[in-house]
Amino acid sequence: MSADRELLKALLDALDVPLAEQADDDQARARLLDVRVSHAVIALESVLKHGPEDVEDSARWLREETAKRPVTYTPWERPDPKTSCSKCRTVFDPADTRHDGHDRHGDGPFCRRCIDRCHESTDAFHACVICDPSWGETR
Ligand SMILES: [Zn+2]
Ligand SMILES: [Zn+2]
């Protein structure tokens, strides 16, 4: 890999801080991102100041600083809609074909149980990602 690409990769690794699974971890994420951004700025300033011969050193330094401060919280991962329910995140169980079981509902991204609960809901204010696909897409 060229030195330029090394630096780009180091910058990407530093700044690509995953969202937190738990809202409680949002602050830890914000602090980590703050630190990572300031290191990225230092690396970029150094390269701009010292020119191309500094690229390799800055990339190495940035990689080291990033490695010193790994992600400490559980990253949020979008569930795979083919293998687990996009609402409750339960892994589909093809053997559980009860009307409210944990098998996949048709070819959709939800389990039978969540579809059943959504359709059975008698709460006038009921809203969920099943009956309103824009729900829950804020993060
Ligand atoms: Zn579900
Ligand atoms: Zn619903």
Side-chain angles (χ1 to χ4, degrees):
M1 213 189 305
S2 71
D4 287 352
R5 284 190 66 88
E6 287 282 348
L7 179 62
L8 288 176
K9 176 83 168 55
L11 284 167
L12 180 63
D13 288 345
L15 299 176
D16 187 18
V17 174
L19 290 168
E21 163 97 41
Q22 305 292 329
D24 288 354
D25 287 331
D26 282 350
Q27 290 217 344
R29 176 184 186 262
R31 279 196 302 272
L32 182 64
L33 192 58
D34 271 358
V35 174
R36 298 271 191 94
V37 166
S38 64
H39 288 148
V41 168
I42 292 169
L44 287 171
E45 280 176 349
S46 178
V47 170
L48 288 176
K49 192 168 166 198
H50 300 108
E53 60 274 20
D54 186 65
V55 169
E56 221 176 307
D57 283 349
S58 288
R60 188 182 320 116
W61 177 82
L62 185 57
R63 265 203 311 277
E64 286 168 6
E65 292 303 314
T66 300
K68 278 185 209 164
R69 291 170 190 78
V71 172
T72 53
Y73 52 85
T74 307
W76 181 75
E77 284 171 37
R78 186 173 289 276
D80 180 348
K82 288 196 182 67
T83 58
S84 55
C85 177
S86 292
K87 183 164 189 286
C88 69
R89 299 187 185 195
T90 302
V91 175
F92 294 135
D93 175 5
D96 190 358
T97 53
R98 292 171 296 169
H99 73 282
D100 60 350
H102 275 124
D103 189 18
R104 186 175 178 182
H105 187 276
D107 289 330
F110 306 110
C111 70
R112 301 171 73 95
R113 184 190 184 88
C114 286
I115 294 281
D116 185 61
R117 281 199 183 162
C118 172
H119 292 173
E120 291 291 300
S121 178
T122 49
D123 177 357
F125 297 101
H126 167 86
C128 79
V129 69
I130 296 170
C131 45
D132 178 3
S134 66
W135 187 88
E137 277 186 3
T138 52
R139 62 179 301 168

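Both counts, for ligands and for their atoms, begin at 1 and track the order of listing.
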Answer yes or no as to whether an N/O/S atom of C118 is found below 2.8 Å from the Zn ion (ligand 2).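 It does; at least one qualifying atom falls short of 2.8 Å.
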
Practice item. Please check if atom CD in E65 has more than 12 non-hydrogen atoms from other residues, nucleotides or ligands closer than 6.0 Å. Key: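 It does: E65 CD has more than 12 such atoms within range.
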
Counting only heavy atoms from other residues, nucleotides and ligands, does the tally under 6.0 Å from CZ of R117 exceed 12?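 Count not over threshold, so no.
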
Angle subtended at the Zn ion (ligand 1) by C85 SG and C111 SG, rounded to 10 degrees =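 It is 120°, given to the nearest 10°.
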
| request: Give a yes/no answer: is there an N/O/S atom of H102 under 2.8 Å from the Zn ion (ligand 1)? | output: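 Coordinating: no.
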
**Message:** Between Y73 and Q27 (side chain of the first, backbone of the second, donor and acceptor by atom type, cut-off under 3.5 Å), is there such a pair?
**Reply:**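 Answer holds: no.
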
(message) Contact between H102 and C111 at the side-chain level, heavy atoms closer than 4.5 Å - yes or no?
(response)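 Side-chain contact under 4.5 Å: yes.
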
Discussion item. With rounding to 10 degrees, what does the angle C128:SG / the Zn ion (ligand 2) / H126:NE2 come to?
Written reply: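 If I round to 10°, I get 110°.
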
